[in-house]
Amino acid sequence: MKKLSYLNYAAVLLLGVLIIASDFLNTSLFNFGEQNFAVWFVLSIFCFACGWYINKTLGWHFGGKVVFAVIIAVTVFSIFMVTFFGSYFGANELLTENLILYSLRNIVLGAMGFFGMSVQEVINNRKDSAMLKKQVDLYEREAEVSKKESEQMIKEASLTAEKIVNDAKAEADRIIIKKEILENELKEIIQTEKELIKRYEDKK
């Protein structure tokens, strides 16, 4: 876990080194002449890559604070170097203008780091949005399936309830008919008994 943490902050350190290195482009240490633009472009690409990696490992909020702190620290350090070693950086004359130019150089490279962070963040957000869209589509399909299953269950329950009602009605009708038959038979029996009793009494 510590190795991973050190590796994450190595990108921050590299970004600071790259920004500081840009201060030496016009000095005897890195005197590239006509190739300054190519070197500047390479430094910008490396700063972009560092910003990309910082956002990927440290996140947008914390990584942005770290990159901003690096830009401020490196700019202050550059101003210190240019002020106290002006002869080496060719800044003996027009010191204020040179300080502004060196500061802007550092800020531009730092902005490239922020640009790398932004691009990586946008790509992450697009991936997250695509993933969320897939999940929403999946949930919608599941909801549609659940809706169809619910409608089928309701339909089956309705048919079952209707069958139960019809069976109960048929059973009730059968019981009523049976009751009427029994009542008629009972009436006939009673009538027969009455006739028998009457005949018996007449014979006496």
Side-chain angles (χ1 to χ4, degrees), residues 1-140:
M1 198 71 180
K2 288 184 178 180
K3 290 182 178 178
L4 180 61
S5 179
Y6 292 151
L7 184 61
N8 294 345
Y9 286 101
V12 177
L13 181 62
L14 178 60
L15 178 63
V17 171
L18 290 172
I19 296 175
I20 292 174
S22 67
D23 294 335
F24 296 93
L25 286 180
N26 294 328
T27 65
S28 58
L29 183 61
F30 296 135
N31 190 8
F32 293 98
E34 295 179 354
Q35 298 178 352
N36 276 344
F37 178 76
V39 176
W40 180 261
F41 180 77
V42 171
L43 285 175
S44 300
I45 293 298
F46 277 122
C47 289
F48 177 89
C50 287
W52 180 291
Y53 186 79
I54 289 169
N55 189 74
K56 191 173 184 179
T57 54
L58 299 181
W60 173 256
H61 294 288
F62 181 69
K65 293 177 182 178
V66 171
V67 171
F68 182 75
V70 167
I71 294 172
I72 297 299
V74 170
T75 302
V76 171
F77 182 73
S78 298
I79 292 173
F80 174 81
M81 285 195 307
V82 173
T83 301
F84 288 94
F85 302 99
S87 58
Y88 179 73
F89 288 95
N92 287 326
E93 298 179 357
L94 300 176
L95 180 60
T96 303
E97 288 79 357
N98 280 286
L99 290 178
I100 293 173
L101 289 175
Y102 277 99
S103 299
L104 288 176
R105 180 184 294 183
N106 294 336
I107 291 171
V108 168
L109 286 179
M112 285 301 297
F114 273 117
F115 181 57
M117 292 181 65
S118 301
V119 172
Q120 208 278 330
E121 185 70 14
V122 169
I123 292 174
N124 276 346
N125 289 337
R126 290 192 64 181
K127 288 181 180 178
D128 293 339
S129 299
M131 188 178 298
L132 288 174
K133 188 176 183 302
K134 288 181 181 179
Q135 290 179 353
V136 169
D137 292 340
L138 179 61
Y139 290 150
E140 287 179 351

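These numbers were taken from a predicted model, which means no experiment stands behind them.
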Undergrad: I would like to know whether Leu43 and Ile19 meet side chain to side chain contact (heavy atoms under 4.5 Å, CB included); could you show each step before the answer?
TA: CA-CA 8 Å; Leu43 285 175; Ile19 296 175; over 6 Å; no
Undergrad: Could you label the plane-to-plane angle of the Phe62 and Tyr9 rings as parallel, tilted or perpendicular, counting under 30° as parallel and over 60° as perpendicular?
TA: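 Ring orientation, 0 to 90° scale: perpendicular.
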Undergrad: Kindly say whether Gly51 contributes a backbone atom to a donor-acceptor pair with the side chain of Asn55 at under 3.5 angstrom?
TA: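 Side chain of Asn55 to backbone of Gly51: no pair is present.
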Undergrad: Specify the closest pair of heavy atoms between Ser78 and Asn106, including all atoms of both residues, with the distance to one decimal.
TA: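 Heavy atoms only, the tightest pair is OG-ND2, 2.7 Å.
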Undergrad: Output the distance between atom OG (Ser129) and atom CG (Asn124), rounded to the nearest 0.5 Å.
TA: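 Between atom OG of Ser129 and atom CG of Asn124 there are 10.5 Å.
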Undergrad: Can you find a pair of side-chain heavy atoms, one from Ile54 and one from Leu15, that are under 4.5 Å apart?
TA: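 Side chain of Ile54 against side chain of Leu15, heavy atoms only: contact under 4.5 Å found.
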Undergrad: Could you tell me which non-hydrogen atom of Leu18 sits nearest to which non-hydrogen atom of Cys50, and how far apart they are?
TA: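 Distance-wise, the nearest heavy atoms are CD1-SG, 4.0 Å.
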Undergrad: Looking at side-chain heavy atoms only, is the closest gap between Leu14 and Phe46 below 4.5 Å?
TA: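 The answer is no; the side chains never approach within 4.5 Å.
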Undergrad: Supply the atom-to-atom distance Glu140 CD to Lys133 NZ, rounded to the nearest 0.5 angstrom.
TA: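 Reported to 0.5 Å precision, the distance equals 8.5 Å.
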Undergrad: Does any part of the side chain of Lys127, heavy atoms only, come nearer than 4.5 Å to the side chain of Met131, both counted from C-beta?
TA: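 When only atoms from C-beta onward are counted, Lys127 and Met131 do not touch, as no gap falls below 4.5 Å.
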Undergrad: What's the separation between atom CG in Leu104 and atom CG in Leu109, rounded to the nearest 0.5 Å?
TA: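 Answer for the CG-CG pair, Leu104 versus Leu109, is 11.0 Å.
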Undergrad: If you measure from CD1 on Ile79 to CE on Met81, what distance do you get to the nearest 0.5 Å?
TA: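 Answer for the CD1-CE pair, Ile79 versus Met81, is 10.5 Å.
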Undergrad: By the definition side chain to side chain contact (heavy atoms under 4.5 Å, CB included), identify the one residue from Trp52, Trp60, Tyr53 that meets it with Gln120.
TA: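 Considering Trp52, Trp60, Tyr53, a side chain to side chain contact (heavy atoms under 4.5 Å, CB included) with Gln120 is found only for Trp52.
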Undergrad: I need the minimum non-hydrogen distance between Gly110 and Val67, along with the two atoms involved.
TA: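 Looking at all heavy atoms of both residues, the shortest contact is O-CG1, 4.3 Å.
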Undergrad: Which atom pair, heavy atoms only, marks the closest approach of Phe114 to Ile71?
TA: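 What the structure gives for the nearest pair is CE1-CD1, 3.5 Å.
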Undergrad: Calculate, to the nearest 0.5 Å, the distance between atoms CD1 and CE belonging to Ile107 and Met112 respectively.
TA: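 Reported to 0.5 Å precision, the distance equals 15.0 Å.
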